[in-house]
Amino acid sequence: MLAAVMTAPGQVHVEDRPEPRIVEPTDAIIRLSATCVCGSDLWPYRGVDKLDEPRPMGHEYVGIVEEVGAAVTTVRPGQFVVGSFFASDNTCEICRSGYQSSCVHRVNMTGAQAPYLRVPLADGTLVATPDLPPDDLIPGFLAASDVLGTGWFAAVAAEAGPGKTVAVIGDGAVGLLAVLAARRLGAEHVIMMSRHEPRQELALTYGATDIVTERGDEGAARIKELTNGLGAHSVIEAVGTQQSMMQAIGSTRPGGHIGYVGVAYDVQLPGLPLFFSHVHLHGGPAPVRRFLPELVQLIWDRQIDPSAVFDLRLPLTEAAEAYRAMDERRAIKALLIP
């Protein structure tokens, strides 16, 4: 089968790879209906995350179950399923507390930019839709596999809710869908920090009430201007840089909450400013599996539509262009059709 493989920074190739097969009795094989490029895929693409060897790419996936191992009981061949970027058993003590992305048996998913994917721990990882979905819902379910689930976790971690003002730092797919999540959770005001007009427009579509173009200290100061000098109740950090994290801390009122989901590289928190800020920090790899049943139903019922973040759709054979477009910010998120 043809699959996307990153061989070096800036180098993505579509090459022939063996089709996956059942290895453990808890496995499932799915035929992918759609996959995509993630913002976190750009870290190795840009040389920040080091590649030791060629890496099959992709960790966001939806599709039809083709085959299951002998121990799999909750999904069956023919079902349309949504997974997450970590496979989890969903039964261990950590999973039962709602943190499946830290499951004691977790498996880091990769290789989803391909026609077929082996999913370990299928019972705990995959969530089936009520029936086979129409084609127009498939991108929304794909978003639930990562960026919607991650944005949702960020909003929950930031304790977005009724009467709250929420600031979102990062106008990628996660940040944009965090706007949707915050509004769905009842936030009264959602401030989107963005300098890119198409992304600003999408944020407004998803429920943003204000747009702030400043960054860093100026951005934090602007948030305080909009909140009577206090700062936002809830701040979502969806970038993962030193500047974005410090901007998040500076934008949050004492007693407020930061939900951080940007993959943090070389971020260092200065002790005294953090100590005197009185902010709560909660984040990390999103436990998408916790939210999947609810998100799948919301998408199925057409109560939310996260699919607009996919502003570029290409065949899998053009994966290299998908990476270039996202790296150059010509696309918010590129969907690939195997």
Side-chain angles (χ1 to χ4, degrees), residues 39-40 42-43 46 48 147 150-151 153-155 157-161 163-183 185 187-283 309 326 329 332:
S40 65
L42 298 181
W43 291 112
R46 293 168 175 163
V48 178
V147 287
T150 297
F153 172 60
E159 299 204 355
K164 299 283 187 70
T165 293
V166 180
V168 179
I169 300 171
D171 63 359
V174 169
L176 289 163
L177 292 175
V179 172
L180 182 156
R183 290 292 279 181
L185 292 168
E188 183 173 352
H189 300 286
V190 178
I191 304 166
M192 183 64 179
M193 313 196 82
S194 173
R195 294 180 172 180
H196 301 271
E197 186 173 343
R199 299 177 187 224
Q200 294 171 359
E201 292 174 356
L202 185 52
L204 292 170
T205 299
Y206 281 145
T209 54
D210 300 271
I211 302 293
V212 168
T213 59
E214 294 87 351
R215 291 182 180 174
D217 292 341
E218 291 181 354
R222 181 66 180 135
I223 295 297
K224 289 190 173 179
E225 287 179 15
L226 292 170
T227 54
N228 297 318
L230 300 176
H233 301 93
S234 305
V235 176
I236 292 165
E237 193 286 311
V239 182
T241 64
Q242 182 74 25
Q243 182 190 59
S244 62
M245 181 60 83
M246 296 311 299
Q247 181 177 331
I249 293 171
S251 300
T252 309
R253 67 178 58 197
H257 294 76
I258 297 171
Y260 63 97
V261 292
V263 181
Y265 280 87
D266 296 324
V267 173
Q268 298 182 355
L269 300 180
L272 282 178
L274 180 61
F275 181 77
F276 284 105
S277 69
H278 264 150
V279 302
H280 301 76
L281 290 170
H282 183 198
V309 296
M326 286 184 60
R329 293 182 69 84
I332 299 170

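The analysis underlying the following values was restricted to heavy atoms, covering all of them including side chains, and did not include hydrogens, waters or symmetry mates. By convention here, the first residue in the shown sequence is residue 1.
- One finds the CD atom of E237 at 8.5 Å from the CD1 atom of I258 (value rounded to the nearest 0.5 Å).
- Taking CD of E225 as the reference point, atom OG1 of T227 lies at 9.0 Å (rounded to 0.5 Å).
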Assess whether side chain to side chain contact (heavy atoms under 4.5 Å, CB included) is satisfied between V279 and L274, documenting all intermediate values. CA-CA 7 Å; V279 302; L274 180 61; 4.1 Å; yes
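- Atom CD of Q247 sits about 10.0 Å away from atom OG1 of T252, to the nearest 0.5 Å.
- Expressed to the nearest 0.5 Å, how far OG1 of T205 lies from CD of E201 amounts to 7.5 Å.
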Expected list for residues 163-181: side-chain donor-acceptor pairs under 3.5 angstrom, two or more places apart:
| unit_1 | atom_1 | unit_2 | atom_2 | d |
| --- | --- | --- | --- | --- |
| K164 | NZ | E159 | O | 2.7 |
| D171 | OD1 | R329 | NH2 | 2.8 |
| D171 | OD2 | S194 | OG | 2.7 |

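- Going from atom NZ of K224 over to atom CG of L230 covers 9.0 Å, rounded to the nearest 0.5 Å.
- Rounding to the nearest 0.5 Å gives a distance of 10.0 Å between CG of L226 and OG of S251.
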May I have the step-by-step check of side chain to side chain contact (heavy atoms under 4.5 Å, CB included) for I249 and Y260, ending in yes or no? CA-CA 11 Å; I249 293 171; Y260 63 97; over 6 Å; no
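- Side-chain contact between M193 and I223 is present, with at least one heavy-atom pair separated by less than 4.5 Å.
- Between H233 and H257 there is no side-chain heavy-atom pair separated by less than 4.5 Å.
- A perpendicular orientation is assigned to the rings of H282 and F153, their planes being inclined by more than 60° (bins at 30° and 60°).
- Looking at every heavy atom in both residues, A155 comes nearest to I236 through CA-CD1, 3.8 Å.
- Scanning all heavy atoms of the two residues, the minimum distance from S234 to A158 falls at OG-O, 2.6 Å.
- Shown here for S40 and V263, the closest heavy-atom pair between the two residues is CB-CG2, 4.2 Å.
- Checked against side-chain hydrogen bond (donor to acceptor under 3.5 Å, both in side chains), H278 has no partners two or more places apart in sequence or in another chain.
- Of all heavy-atom pairs spanning A187 and V190, the tightest one is CB-CG2, 4.0 Å.
- Of all heavy-atom pairs between T213 and R195, the closest is O-NE, 2.8 Å.
- One N or O on the side chain of R183 and one on the backbone of G207 form a donor-acceptor pair closer than 3.5 Å.
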